[in-house]
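First comes the structure, then the notes that go with it.
Counting convention: from 1, in listed order, for ligands and their atoms alike. Along the sequence shown, residues carry numbers from 1.
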Amino acid sequence: MTAHLIFDEPDGRNRLDSMAQDVIGRPIDRSEGALKVSGRAVYAAEQATSLWSEQRTDCLFGILVRATVARGRVTSLDTADALAVSGVREVLQDPRLVRHPAQGMARKSPPQEVADVGCFGQPIALVVADSFEAAREAARLVRVDYETAAAELDPASAPSDLPEKKQSSQGDLDAAMRDASESLDVTYRTPSMAAAAMEPHAALAWWEGDRVTLCGAYQMVSQNAEELADALGIAPEKVRVLSPYIGGGFGSKLGIAPEAVAAAVAAERLGRPVMVPLTRQQEFEIAHRRSETEQRVRLALDADGLLTGIGHEARVSNQPGETFSEPVQQATHYTYRGEHRSIRHEVARVNLTCAGSVRAPGEAVGVTVLELAMDELAEKAGIDPVELRLKNIPECDPESGKPFSSHMLAEALREGADRFGWTSRRQRGRQRAGEWLIGCGMAAAVRVNFLHKARVRVTLSGEGVTIESSMTDIGTGTYTILTQIAAEMLGIPPERVTTRLGDTDLPEGSGSGGSIGAASNGSATYLACEEIRRQLASRLGCAEEDLTLKDGRATCGNRSHDLAELIHEPLVAEGFFEPGKAMGRVRSSTWGAHFAEVAVNEVTGEVRVRSMLGVFAAGRILNEKTARSQCIGGMTFGLGMALMEEMVHDGRHGHVVSRDLANYHIPTNADVPRIEVHFLHERDAYGGTLQAKGIGELGICGAGAAVLNAIHDACGVRVRELPATPDKILAGLCGMQG
Ligand code: MOS
């Protein structure tokens, strides 16, 4: 029985509020947490070992060979030395390999000519051997001849295009800037960034007849199965993808990737399972990067402190022919008022690592820069930064005129200012402790909210509940929140709910990406449970709304039954949630406010973040602990963006210089202060049947701006080229002294 809901009308019934179990929202521990911390959760690269334990000792290992030119064509591969390494089976350059990961939700990934080199580090062949070590050694011994071509390595000077759909304007921004009583015209730069997930990509493939099974680290397995089928030229039904545990994705595992296709091709050819892991260095070269950005922001303010104009121009980059471009201005369209608006979006075509979705694509860097500019404008206009934002919250989407599904920015700003003690701290002014200058800053957090179609199957038996979907849990807490939804709806303790995810043989979930997972698959889980409740209610002869399920008992009026007695055979229902017309009628977004206190060393230029506070609203919070962890992670990314993250390409050859975690700096525990997260109570009727919105990507949006604005408050330096490393702070301090 499928309960299919096309979400055409908002759902303001808030039914989860009136269920009796009271487990929804609770900060319960991750249901798979014990497996993970004890090492029993088997990750992609560990699948080979688990095959061994099943007596399948025939697994081979593959290592991708990387291009060492930025652009050109492979003219020959000399594999003699590689093949001479003991245990090496084959060097493959199959026409079905892919050189770029598919983009998120692509559902296709046609083979890409790997002999055509579009960037340094691109995979061009695969070495397969009996051991990982032999494959890795041999991959270094493959000698490659290229016919090289001139490469575009500088995003600032490379030829560019203007994707039509990403340009927009209304009114006359130039006139608004001329007539403004205060205005700002400033350009910021953010560097390329890597997803840098803790778990590197890995894929293990084997064939049974004409059917291939792939165990790998992927965020959207149902779509990834279609992509793998496309690359291999086989029917999607012939592909099964398993991805039960994933050590972070952050966008880098959205699409099927070169290692997966290579593993499948090699396994077919050699008739044995083949595992292809990426080394940490390859992770930086092959997984998508976030594009660097150059962003010009223009703001026009009238004498009352109201914005009359907003301009946001961005130049980003990607390889020629790639359709993705970092959607920098995604939230600029609706964050602040102003009738004169202009958005220009330019994509430079470069021979650098392919760009794609990384950790809140768009807002992570776009909101950050907009919020840096707002701080500069507040200073120029002599208005408190919180006040400037509060004054400029629009009534409705300022471009489309659509109402907001819910709007919580003002509440977040006020609650945050209150909790942080903003007004008194700002009045107290800059503090000094020896060489350390202490200041504070803030920024708004904004992130678009999406829903996606999702299917989830729920089975209720005397034993408990089973939830099944191809949805993934990339470390965000999906296992746990789906468990909580079913426990709440069916009156079963969470310990008796089993959730199975990450298998394409199960009903098609949305996958994890764009913060769609919780609300979309949660709504599908809700629908399945509601259907089971209807079936139970009809057995009891009452309406579903009148049925109370609690602690394994069904109560209806004055009759009460043990659930196990009512169910002679398992009740099964599939929930199918499809976003319909509802979302198109509104602007749906999540909201928040960041506050930070930093200390800047006036001798060394070093920055220490002393505290961060985030206040967030994302509809119903399904689990306060997993939601908080998402926000803490996002804010930590923001800290890294402000102070350290930078993927550096060598300007001469385009190779990634900072391609390991020693050179690509991300915050460590010692860099991260106590981070406080507070959620605002909210129900969004447009957030599916749960009144929930995505929270995974909200925490990063604007967090870096709060840190950088605090640096300015502490020492007067505005760093407009991220990250704010000590050399840049010192240069600013010296400039001021001179
Ligand atoms: Mo996200 S960057 O859509 O995984």
Side-chain angles (χ1 to χ4, degrees), residues 100-107 190 192-201 216-224 227 243 246-257 283 287-291 293 316 318 322-328 330-331 353-368 445-454 470-478 501-502 509-521 588-590 618 626 629-631 633-634 636-638 640-641 645 647 666 693-704:
H100 293 154
Q103 296 286 353
M105 307 195 184
R107 290 188 189 268
T190 64
S192 277
M193 292 172 216
M198 181 108 64
E199 178 207 17
H201 285 70
Y218 301 99
Q219 294 176 223
M220 317 197 105
V221 290
S222 291
Q223 315 204 15
N224 302 138
E227 290 152 6
S243 204
I246 302 149
F250 316 127
S252 74
K253 296 166 184 167
L254 281 170
I256 206 71
E283 192 66 25
H288 287 145
R289 70 186 167 100
R290 186 201 299 286
S291 171
T293 70
V316 301
N318 207 345
E322 290 291 317
T323 51
F324 177 90
S325 64
E326 181 78 20
V328 174
Q330 201 154 240
T353 317
C354 195
S357 293
V358 175
R359 307 188 225 144
E363 288 92 324
V365 284
V367 168
T368 296
V446 188
R447 169 74 180 160
V448 292
N449 181 57
F450 307 107
L451 285 167
H452 196 271
K453 70 176 176 188
S470 77
M471 175 58 189
T472 53
D473 185 330
I474 58 174
T476 46
T478 315
L501 301 176
S510 72
S512 301
S515 303
I516 57 175
S520 306
N521 301 278
S588 181
S589 180
T590 52
T626 58
S629 296
Q630 289 296 290
C631 293
T636 306
F637 289 153
M641 189 192 298
E645 272 198 65
M647 186 175 175
I666 55 172
K693 291 187 281 196
I695 200 161
E697 294 166 309
L698 180 59
I700 188 174
C701 304

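- The backbone N or O of Ala364 lies less than 3.5 Å from no partner atom in the side chain of Arg447, so there is not a single donor-acceptor pair.
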Tabulating one pair per line, provide the atom names and distances (0.1 Å) for every N/O atom of ligand 1 that is less than 3.5 Å from a protein N/O atom.
unit_1   : atom_1 : unit_2 : atom_2 : d
ligand 1 : 3 (O)  : Gly514 : N      : 2.7
ligand 1 : 4 (O)  : Gln219 : NE2    : 2.8
ligand 1 : 4 (O)  : Gly251 : N      : 3.0

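- The side chain to side chain donor-acceptor pair (under 3.5 Å) search around Arg289 returns Ser192, Glu292, Ser317, not counting sequence neighbours.
- Glu283 pairs by the salt bridge (charged side-chain N to carboxylate O under 4.0 Å, His left out) definition with nothing, not counting sequence neighbours.
- Across all their heavy atoms, Asn224 and Leu254 have their closest contact at ND2-O, 2.9 Å.
- In this view, Lys693 and Glu682, Asp684 satisfy the salt bridge (charged side-chain N to carboxylate O under 4.0 Å, His left out) rule, not counting sequence neighbours.
- Judged purely by atom type and a 3.5 angstrom limit, Ser252 has no side-chain atom pairing as donor or acceptor with the backbone of Ala195.
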